[in-house]
Amino acid sequence: MTASKAKTARVLTGDTPTGRLHLGHYVGSIENRLRLQEEYDCYFLLANMHAFTTRAERADEIRQDTIEIVKDWLACGVDPNRSTIVLQTETPAIAELSWFFAMLIPFNRVMRNPTLKTEIDAKGLGDTYPFGFPMYAVGQCADILAFRPEFVPVGEDQVAHIEMCREVARRFDQVYCGVDSHAEDEDFVSAGGVFPIPKALIGRVGRLVGTDGKQKMSKSLNNAIFLSDTPKQVKKKIGAMYPGQSREPNEPGDPDINPVFSFADIFIKDAAVVEEMKDRYRRGDDIGDGHVKMAVVDAVNALLDPIRERRAEFEGPEGDAMVIDIIREGTRKGNQVAEETLEMAKEAMSLKFWRRRVEFEQ
Ligand code: TRP
């Protein structure tokens with residue numbers, strides 16, 4: 001009933017398939033997507049090309065990771081009847097727009113992108129990364145703008161990319177569509193621009209700490225709780241966390257330096273329960289660290305149980321085939337939007353010579 005009217009504004013976000021999703025992805029971004037798919041026309045991009053920036057020689061692994069990440073999305077509740085799942089490498093308009101945008105952004109501006117810099121450090125890429133590595137940041141502008149979205153729900157670490165994307169959109173609209181350089185961001189389309197200036201939407205938790213209690217939760221740092229972990233694995237991982245201090249149940253403690261409590265804040269739904277535990281912890285009122293951990297284990301497992309159940313429906317090669325059907329349909333639909341965008345961009349760039357059509361074989 002409300003669908004056709006309210007569902008006009010588009011939302012685009014994506015993930016690079018690097019392995020199974022973890023709790024950091026869930027609270028940083030997935031949760032937001034589930035909310036947004038109720039109200040917006042959502043596109044979720046499988047940025048599989050980006051996976052080749054650091055793993056070009058592991059193509060089979062990237063293919064499987066791409067399928068696994070869709071299983072995670074579906075298990076979390078991404079609904080392919082509502083949202084559109086798009087495969088980047090079968091959306092040629094993205095690659096073409098990347099070239100156009102690469103001409104509009106200074107090389108040094110790309111290299112100053114703080115998210116790229118952090119990644120080069122964190123992954124120890126030194127100066128051996130391929131040309132395609134910084135190029136992916138330009139490609140991400142195209143990932144987004146191909147869908148001319150209003151919102152881009154992402155984790156905090158992606159804000160620098162969204163900012164670059166906004167700069168590219170403004171520049172395109174100014175250079176090719178005659179939009180005034182003083183136009184407000186909201187007015188770019190009404191002033192004749194092809195691209196709206198999209199806004200980042202940051203998740204409830206910008207940065208989830210890992211089970212090491214120190215660094216951001218991340219697969220490569222070995223401190224992650226995966227959405228597909230078994231209840232036993234969850235218990236083991238949380239059980240092994242260092243509570244930031246050494247104390248007895250009847251000794252006063254500081255919940256603020258205990259990373260188990262940051263999990264409690266995020267995953268235990270009833271804030272009063274957490275407050276009471278913190279209060280007892282501060283006073284040393286007969287509360288052991290095991291008690292706090294168990295409460296967190298239960299809350300995390302309560303979140304993950306339905307996700308595990310739905311994920312089981314997509315196990316094995318049959319599940320893979322179901323996923324491929326879903327992404328083929330999504331990509332077909334995604335291409336309609338992306339091709340339309342490309343056509344508009346080409347027209348603005350005096351590149352409209354004739355029309356073309358992208359076709360999908362069954
Ligand atoms: N770079 C993003 C990440 O590492 C994934 C991504 C690719 C993306 N294209 C995107 C996110 C477009 C938002 C919009 O998480």
Side-chain angles (χ1 to χ4, degrees), residues 10-22 24-33 36-37 40 42-55 62 65-66 69-70 72-73 78 83-91 93-95 97-98 101 110 113-120 122-123 125 129 132-169 195-203 205-208 216-221 224 330-331 334 337-338 341:
R10 281 189 291 264
V11 165
L12 176 291
T13 190
D15 289 319
T16 305
T18 52
R20 295 182 168 204
L21 295 180
H22 54 63
H25 296 115
Y26 190 86
V27 292
S29 179
I30 303 287
E31 213 178 45
N32 236 349
R33 298 179 198 184
L36 291 164
Q37 76 175 349
Y40 293 94
C42 288
Y43 293 81
F44 300 134
L45 186 77
L46 293 161
N48 59 334
M49 180 65 88
H50 291 194
F52 284 80
T53 57
T54 54
R55 294 190 290 161
I62 294 172
D65 282 349
T66 304
I69 207 173
V70 177
D72 275 337
W73 288 355
V78 167
S83 302
T84 309
I85 298 178
V86 183
L87 184 64
Q88 189 182 44
T89 50
E90 292 301 336
T91 309
I94 292 174
L97 287 167
S98 300
F101 295 156
V110 177
N113 178 314
T115 297
L116 280 188
K117 282 187 164 181
T118 310
E119 250 178 302
I120 290 169
K123 295 181 181 161
L125 302 180
Y129 53 82
F133 183 77
M135 183 63 192
Y136 102 69
V138 180
Q140 186 159 340
C141 300
D143 293 341
I144 297 169
L145 295 175
F147 296 86
R148 289 172 285 132
E150 204 162 302
F151 299 113
V152 189
V154 284
E156 218 163 54
D157 61 317
Q158 295 295 303
V159 172
H161 286 328
I162 312 304
E163 195 43 50
M164 214 171 88
C165 169
R166 289 158 58 80
E167 285 174 34
V168 165
F195 297 108
I197 315 305
K199 294 187 239 352
L201 288 182
I202 310 303
V205 181
R207 176 186 182 278
L208 181 68
K216 180 183 152 176
M217 187 176 282
S218 150
K219 180 190 168 200
S220 55
L221 295 171
T331 305
V337 180
T341 304

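Note that ligands are numbered from 1 as they come in the structure, with each ligand's atoms numbered from 1 the same way.
Going from atom CG of Leu46 over to atom CG of Asp65 covers 11.0 Å, rounded to the nearest 0.5 Å.
Looking at Glu150 and Pro196, their side chains never come closer than 4.5 Å, going by heavy atoms from C-beta outward.
For ligand 1, the atoms lying closer than 4.0 Å to a non-hydrogen atom of Val154 are 13 (C). The contact set between ligand 1 and Thr16, taken as ligand atoms under 4.0 Å from a residue heavy atom, comprises 4 (O), 5 (C). For ligand 1, the atoms lying closer than 4.0 Å to a non-hydrogen atom of Ala47 are 7 (C). Every atom of ligand 1 is numbered from 1 in the order shown, and the set under 4.0 Å from a heavy atom of Leu12 is 12 (C), 14 (C). Near Gln140, meaning under 4.0 Å from any of its heavy atoms, are these atoms of ligand 1: 1 (N), 2 (C), 6 (C), 7 (C), 8 (C), 9 (N), 10 (C), 11 (C), 12 (C), 13 (C), 14 (C).
Under 4.0 angstrom from ligand 1, there are no non-hydrogen atoms of Gln88.
No N or O atom of His161 sits closer than 3.5 Å to an N or O atom of ligand 1.
In this pair, Phe151 and Tyr40 present their aromatic rings perpendicular. The plane angle is above 60°, beyond the 30 to 60° band.
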Exercise for the section: Please lay out, stage by stage, how Tyr129 and Tyr136 fare under the test ring pair (Phe, Tyr, Trp, His ring centres under 6.0 Å). Expected result: CA-CA 12 Å; Tyr129 53 82; Tyr136 102 69; over 10 Å; no
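Nearest to atom 4 (O) of ligand 1 among the protein's heavy atoms is Gln158 NE2, 3.6 Å. The protein heavy-atom contact nearest to atom 9 (N) of ligand 1 is Asp143 OD2, 2.7 Å.
Checked by atom type and distance alone, the side chain of Asn48 never pairs as donor or acceptor with a backbone atom of Leu87 at under 3.5 Å. Side-chain N or O atoms of Thr341 include one that pairs as donor or acceptor with a backbone N or O of Ala146 at under 3.5 Å. With hydrogens and angles disregarded, a donor-acceptor distance shorter than 3.5 Å links the side chain of Asn113 to the backbone of Thr115.
The option from Ile162, Leu145, Leu45, Ile144 that lies nearest to atom 12 (C) of ligand 1, judged by heavy atoms, is Ile144.
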